[in-house]
Amino acid sequence: AMEKSYMSIFLLLIVISCVLAKDAGKKDTKDTTAKPKLPQTLSRGWGDQLIWTQTYEEALFRAKHSQKPLMIIHHLEDCPHSQALKKVFAENKDIQKLAEKFILLNLVYETTDKNLAPDGQYVPRILFIDPSLTVRADITGRYSNRLYAYEPSDISLLHSNMQKALKLLKTEL
């Protein structure tokens, strides 16, 4: 376990040095003709008008203190299944409205929390965590081999699962 933490620190240092190098390079080339690239918002296209948290830690903190459930979407930018689900999620007015009642986080990388991958690290997958910070492993999609996966055609099931995550909250508190 010790080597693993050294390894992740090492990787982090590499990432930081790459980022710093990139920033240093930017300042020299002042190209006024280039259109400013819009910064990637925290929504990553899942709902630009919704409030998204930046990190898993922040999301847990907010869920606990706001007494709202947390909804975590694991996805990848170059995964066609993620892209298809994102499009339907972002365009569905009912989903977007209901999402306002959640602390929201979408991740394009895995956390070290094994509870977020109860049956594997596949994408897209959506998990709910209640304000007591318990992963709601009982709120599942329709696929027995990938319990937390949703296809675009499952959007109404996702909507009812979101309602379930909110409902149980009221009965438990």
Side-chain angles (χ1 to χ4, degrees), residues 4 8 11 15 38-173:
K4 205 167 178 189
S8 53
L11 288 172
V15 169
L38 288 172
Q40 172 80 323
T41 61
L42 288 176
S43 85
R44 293 193 182 88
W46 289 87
D48 291 337
Q49 75 294 347
L50 294 168
I51 298 163
W52 295 85
T53 48
Q54 194 156 5
T55 63
Y56 181 43
E57 292 69 28
E58 181 197 350
L60 290 174
F61 179 85
R62 288 205 188 171
K64 195 178 165 80
H65 289 271
S66 66
Q67 289 300 303
K68 283 180 173 181
L70 163 59
M71 178 171 172
I72 299 186
I73 305 170
H74 284 88
H75 64 110
L76 287 172
E77 295 295 343
D78 56 1
C79 161
H81 299 284
S82 295
Q83 292 295 346
L85 184 62
K86 178 198 293 193
K87 190 171 170 2
V88 176
F89 185 95
E91 289 171 2
N92 186 299
K93 296 212 172 18
D94 295 336
I95 289 266
Q96 292 288 307
K97 188 93 196 96
L98 200 54
E100 292 173 8
K101 299 187 160 86
F102 288 82
I103 303 298
L104 298 166
L105 177 66
N106 69 76
L107 293 174
V108 288
Y109 55 87
E110 292 292 338
T111 67
T112 51
D113 188 346
K114 297 283 176 281
N115 297 313
L116 292 187
D119 64 344
Q121 297 187 336
Y122 50 86
V123 294
R125 73 178 192 280
I126 300 179
L127 285 141
F128 298 95
I129 298 181
D130 70 25
S132 73
L133 305 189
T134 307
V135 174
R136 296 296 310 276
D138 58 314
I139 302 183
T140 57
R142 69 171 89 245
Y143 308 102
S144 55
N145 59 334
R146 294 185 164 197
L147 293 174
Y148 309 98
Y150 296 86
E151 296 278 325
S153 57
D154 302 326
I155 202 76
S156 60
L157 173 62
L158 178 58
H159 188 269
S160 65
N161 277 350
M162 288 167 74
Q163 287 175 316
K164 199 187 282 185
L166 289 164
K167 243 190 224 89
L168 281 155
L169 201 66
K170 294 189 175 59
T171 57
E172 283 165 12
L173 295 180

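What you see below is based on every heavy atom in this structure, not just the backbone, and it leaves out hydrogens, waters and symmetry mates.
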Looking only at heavy atoms, which two atoms of [X] and [Y] are closest? And how far apart?
X: Ala59; Y: Ile103; result: O-CG2, 3.7 Å
X: Pro152; Y: Leu85; result: CG-N, 4.0 Å
X: Val108; Y: Leu76; result: O-CD2, 3.4 Å
X: Ala90; Y: Gly47; result: CB-N, 4.4 Å
X: Ser132; Y: Asp130; result: OG-OD1, 2.6 Å
X: Arg44; Y: Lys86; result: O-NZ, 2.7 Å

Non-hydrogen side-chain atoms of [X] and [Y] separated by less than 4.5 Å:
X: Leu133; Y: Lys64; result: yes
X: Arg62; Y: Ile51; result: yes
X: Gln96; Y: Gln49; result: yes
X: Leu127; Y: Pro118; result: yes

Could you list the residues that satisfy side chain to side chain donor-acceptor pair (under 3.5 Å) with [X], not counting sequence neighbours?
X: Glu91; answer: Lys87
X: Asp113; answer: Tyr56, Asn115
X: Lys97; answer: Glu100
X: Ser153; answer: none

So ring pair (Phe, Tyr, Trp, His ring centres under 6.0 Å) across residues 57-95, not counting sequence neighbours, yields Trp46-His75, Trp46-Phe89, Phe61-His65

Sequence neighbours excluded, every pair satisfying ring pair (Phe, Tyr, Trp, His ring centres under 6.0 Å) that has a member inside residues 97-146: Phe102-Phe128

Between atom [atom1] of [X] and atom [atom2] of [Y], what is the distance when rounded to the nearest 0.5 Å?
X: Asn161; Y: Ile139; atom1: CG; atom2: CD1; value: 6.0 Å
X: Thr55; Y: Leu105; atom1: OG1; atom2: CG; value: 7.5 Å
X: Asn106; Y: Ile73; atom1: CG; atom2: CD1; value: 6.0 Å
X: Asp94; Y: Gln163; atom1: CG; atom2: CD; value: 9.0 Å

Which pairs pass salt bridge (charged side-chain N to carboxylate O under 4.0 Å, His left out) with one or both residues in residues 144-156, sequence neighbours excluded? Arg142-Asp154

Presence of salt bridge, Glu110 and Arg125, under 4.0 angstrom: yes

Kindly indicate, with the supporting measurements, whether the criterion side chain to side chain contact (heavy atoms under 4.5 Å, CB included) is fulfilled by Thr134 and Ile129. CA-CA 5 Å; Thr134 307; Ile129 298 181; 5.8 Å; no

Partner residues of [X] under the side-chain contact (heavy atoms from CB on, under 4.5 Å) criterion, sequence neighbours left out:
X: Thr140; answer: Leu147, Tyr148
X: Gln54; answer: Leu42, Glu58
X: Ala99; answer: Leu50, Leu104, Met162

Which residues pass the ring-ring contact (aromatic ring centres under 6.0 Å, His included) test with Tyr150, not counting sequence neighbours? none

Suppose we screen for ring-ring contact (aromatic ring centres under 6.0 Å, His included). Which residues come up paired with His159, at least two apart in sequence or across chains? none

Working note: Ile126 + Met71, criterion side chain to side chain contact (heavy atoms under 4.5 Å, CB included); need CA distance, chi angles, decisive distance, verdict. CA-CA 7 Å; Ile126 300 179; Met71 178 171 172; 3.9 Å; yes

